[in-house]
K.L.:
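Okay, handing you the structure first.
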There are 2 protein chains.
Amino acid sequence: MDRATVAAHPRLDVCHHRSSALLTLHSPFARKLGAFVALTSEEMAALDRLHGRRKTFPARRDMVHQGMTNQSCYILASGWVCSYKLLSGGTRQIVDFQIPGDFLGLRSVLFRTADHNIEPVTKVEASEVLAGDLLDTFSKTPRLATAVLWAASRDEAMVVEHLVGIGRRDARERTAHFLLELGARLKLVGLGTASGFACPLSQYMLGDALGMSAVHVNRVLRELREGGLVTFQRGQVEIHDLDALVALADFDKSYLDHDGPLLK
Amino acid sequence: MDRATVAAHPRLDVCHHRSSALLTLHSPFARKLGAFVALTSEEMAALDRLHGRRKTFPARRDMVHQGMTNQSCYILASGWVCSYKLLSGGTRQIVDFQIPGDFLGLRSVLFRTADHNIEPVTKVEASEVLAGDLLDTFSKTPRLATAVLWAASRDEAMVVEHLVGIGRRDARERTAHFLLELGARLKLVGLGTASGFACPLSQYMLGDALGMSAVHVNRVLRELREGGLVTFQRGQVEIHDLDALVALADFDKSYLDHDGPLLK
DNA sequence: CGCTGTATTGAGGCTCCTCAATCCAGGTGG
DNA sequence: CCACCTGGATTGAGGAGCCTCAATACAGCG
């Protein structure tokens, strides 16, 4: 994997989104959008201007909760957050986790009121994106609107995969799939390797994400550990038998990754 | 709820998307986008041009299946379709049903290869939208890109609600929620009333959508029927006690509907 | 050094599944 | 016009998976 040299014409820089030196000068978010739409330097600059105030949020205190109106959205710089919905019974379902480079709260902005809660799992740093700025940018830089549509579709694909898992995979398969997906995403932003990653999630959170009880999560993790597949202890996930895990989970990462920008 | 008269300036026509006579001249799809972004007549025209060949598909034969490349997407004119994913074990999970006016296959176009299957539930008529036309339209008519982003986000909200249901609602609640959501969507496009709607889905399909077995669907439907809540027989859903059903399902339809366009 | 949140393990029970039989309606061919 | 066929709906019986409750073990922290 040789690094491409920075070409004169910026369009060419992003033909292979993971190999452009120039891109690493921009935010991980810009790098992500560059995977979908080959961005010009103007578009890159517009993206950079989008980043508003840098804000810090403490762990465990909701950044956004259901029903709030006129929210901003955020681009996550460091830390993990989760998006979840509360049910009347007091239970919750975690829809997704966001890791550095992810966009969050887009739906809360597009609809005027938030339809889900956003809670930092750890201490979080994020750039605020004002709703007005976002919509202005879309009208002035239409290709960015398309790029964000693309990114949103990738997020939707993840939610769909999550739905499939909860609907049709049993607890072991579902857990395996979840860990593999998380690992693949973290690897894409340089926060993990093929053999493992740091993971700040508690078994309660895993349970709320996987649609099962924390107790059962514990039993499943033990089974996976005793089967020599994967270990999740003390905030660290170690993948011991990737192939077996992939086979168990029926994991296909194609929905997470692309070879290059789809729109030239 | 008085009907607004058709104003001279088209921008104003769509302030209340369900009350504009002019809009009914356009496709249901245009009406839906108009709920998000107040469309000018030029934008409307661009939307109309998007509709390509009208195609017919027989029931039960996949229109698109996983892995196909270079797909078109479609705007559904009549009939029902479902989007589903197959698992290695031979089971499937239905992610969503599409009804007239819905856009389908957007993700299959944005990514170059389809990540899910699309199967007509009934005989279907749909306008083909070519991938190139779609992207061209986005660049020439940027507000339409934003509008489609909005519509895609609404779809995502539905998938999220579906995920929450499968993860954290039991079979009765889930089924009730599903029927309510379907009813609300059909009502929005004039295919149902508050008291019921025609529904071509078999109990097998319901099971694949709700993440349960067809046998259990049957038992749950019986319970709901015997409880006087709702009857689903011979392709017809009759809602007998809407309030009780809403309470049971913890149903909040705000994610389906909006008061008016969000972007003026 | 107790407090608090998390992890771990056991016991018992409920939900939902699978397998299997029966019933019913619509369509088809004789 | 009826026997047959097919796909869906319905019901029963037994079992697997996951849940809840509850106890105990840990680890970090003020």
Side-chain angles (χ1 to χ4, degrees), chain A residues 58-61 80 82 87 89-94 119-123 165-176 178 198-226 230-238 248, chain B residues 58-61 80 82 87 89-94 119 121-123 165-176 178-179 198-226 230-238 248:
Chain A
R60 297 324 191 81
R61 191 127 41 242
W80 293 38
C82 70
L87 285 94
T91 56
R92 69 170 181 173
Q93 174 66 45
I94 293 178
E119 177 188 303
V121 173
T122 64
K123 183 175 170 232
I166 291 189
R168 288 299 183 206
R169 281 191 254 261
D170 71 20
R172 282 172 67 235
E173 298 166 347
R174 209 185 300 168
T175 306
F178 175 79
C199 177
L201 305 177
S202 73
Q203 293 181 355
Y204 289 91
M205 281 187 251
L206 285 181
D208 283 339
L210 296 172
M212 53 208 236
S213 69
V215 172
H216 203 58
V217 169
N218 184 285
R219 289 189 232 270
V220 167
L221 287 178
R222 173 156 58 106
E223 258 189 80
L224 294 177
R225 191 188 326 131
E226 290 174 351
V230 60
T231 308
F232 182 1
Q233 274 170 333
R234 264 160 280 115
Q236 192 67 28
V237 174
E238 303 289 349
L248 171 63
Chain B
R60 297 325 192 80
R61 189 124 45 240
W80 293 38
C82 70
L87 285 94
T91 57
R92 69 170 182 174
Q93 174 66 45
I94 292 178
E119 177 187 303
V121 173
T122 64
K123 185 176 170 232
I166 291 188
R168 288 299 184 208
R169 282 191 254 261
D170 69 21
R172 280 172 67 236
E173 297 166 347
R174 210 185 299 170
T175 307
F178 175 78
L179 294 176
C199 177
L201 306 176
S202 73
Q203 294 181 352
Y204 289 89
M205 281 189 251
L206 285 181
D208 283 339
L210 296 172
M212 53 209 237
S213 68
V215 172
H216 202 58
V217 168
N218 184 284
R219 289 188 233 271
V220 167
L221 287 177
R222 173 155 59 106
E223 258 190 80
L224 294 177
R225 191 187 327 129
E226 290 174 352
V230 61
T231 307
F232 181 1
Q233 274 170 332
R234 264 159 282 115
Q236 191 67 29
V237 174
E238 303 289 350
L248 171 63

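Atoms considered below: every heavy atom in the structure, side chains included; atoms not considered: hydrogens, waters and symmetry mates. Proteins come first, then strands; the chains are lettered A, B, ... in the order of their sequence lines, and each starts at number 1.
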K.L.:
Determine all donor-acceptor pairs shorter than 3.5 Å in which one atom belongs to a side chain in residues 231-238 of chain A; sequence neighbours excluded.
P.N.:
residue: A/Thr231; atom: OG1; partner: A/His240; partner atom: ND1; Å: 3.1
residue: A/Gln236; atom: NE2; partner: A/Phe197; partner atom: O; Å: 3.3

K.L.:
Provide a list of protein-nucleic acid N or O atom pairs under 3.5 angstrom, restricted to nucleotides 24-26 of chain D.
P.N.:
none

K.L.:
Can you give the donor-acceptor pairs under 3.5 Å from side chains of residues 203-222 of chain A to other protein atoms, not counting sequence neighbours?
P.N.:
residue: A/Gln203; atom: OE1; partner: A/Asn218; partner atom: ND2; Å: 3.0
residue: A/Asp208; atom: OD1; partner: B/Arg168; partner atom: NH2; Å: 2.9
residue: A/Asp208; atom: OD2; partner: A/Arg92; partner atom: NE; Å: 2.8
residue: A/Ser213; atom: OG; partner: A/His216; partner atom: N; Å: 3.2

K.L.:
Say you draw a straight line from CD of B/Gln93 to CG of B/Leu87; how long is it, rounded to the nearest 0.5 Å?
P.N.:
8.0 Å
K.L.:
Can you build the contact string for nucleotides 7-26 of chain C? Use B for base contact, S for sugar-phosphate-only contact, and - for no protein heavy atom under 4.0 Å.
P.N.:
SBBBB----BSBB-------
K.L.:
So, for A/Pro120 and A/Pro58, which heavy atoms are closest and what is the spacing to 0.1 Å?
P.N.:
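It is CG-O, 3.4 Å.
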K.L.:
Return the CG to CG distance between B/Asp170 and B/Leu248, rounded to the nearest 0.5 Å.
P.N.:
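Reported to 0.5 Å precision, the distance equals 7.5 Å.
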K.L.:
Pick out the pairs of N or O atoms, protein on one side and nucleotides 28-30 of chain D on the other, that lie under 3.5 Å.
P.N.:
none

K.L.:
For the helix from C/dC1-D/dG30 to C/dG30-D/dC1, what is the angle between the axes at its two ends, each from 5 pairs, rounded to 10°?
P.N.:
30°
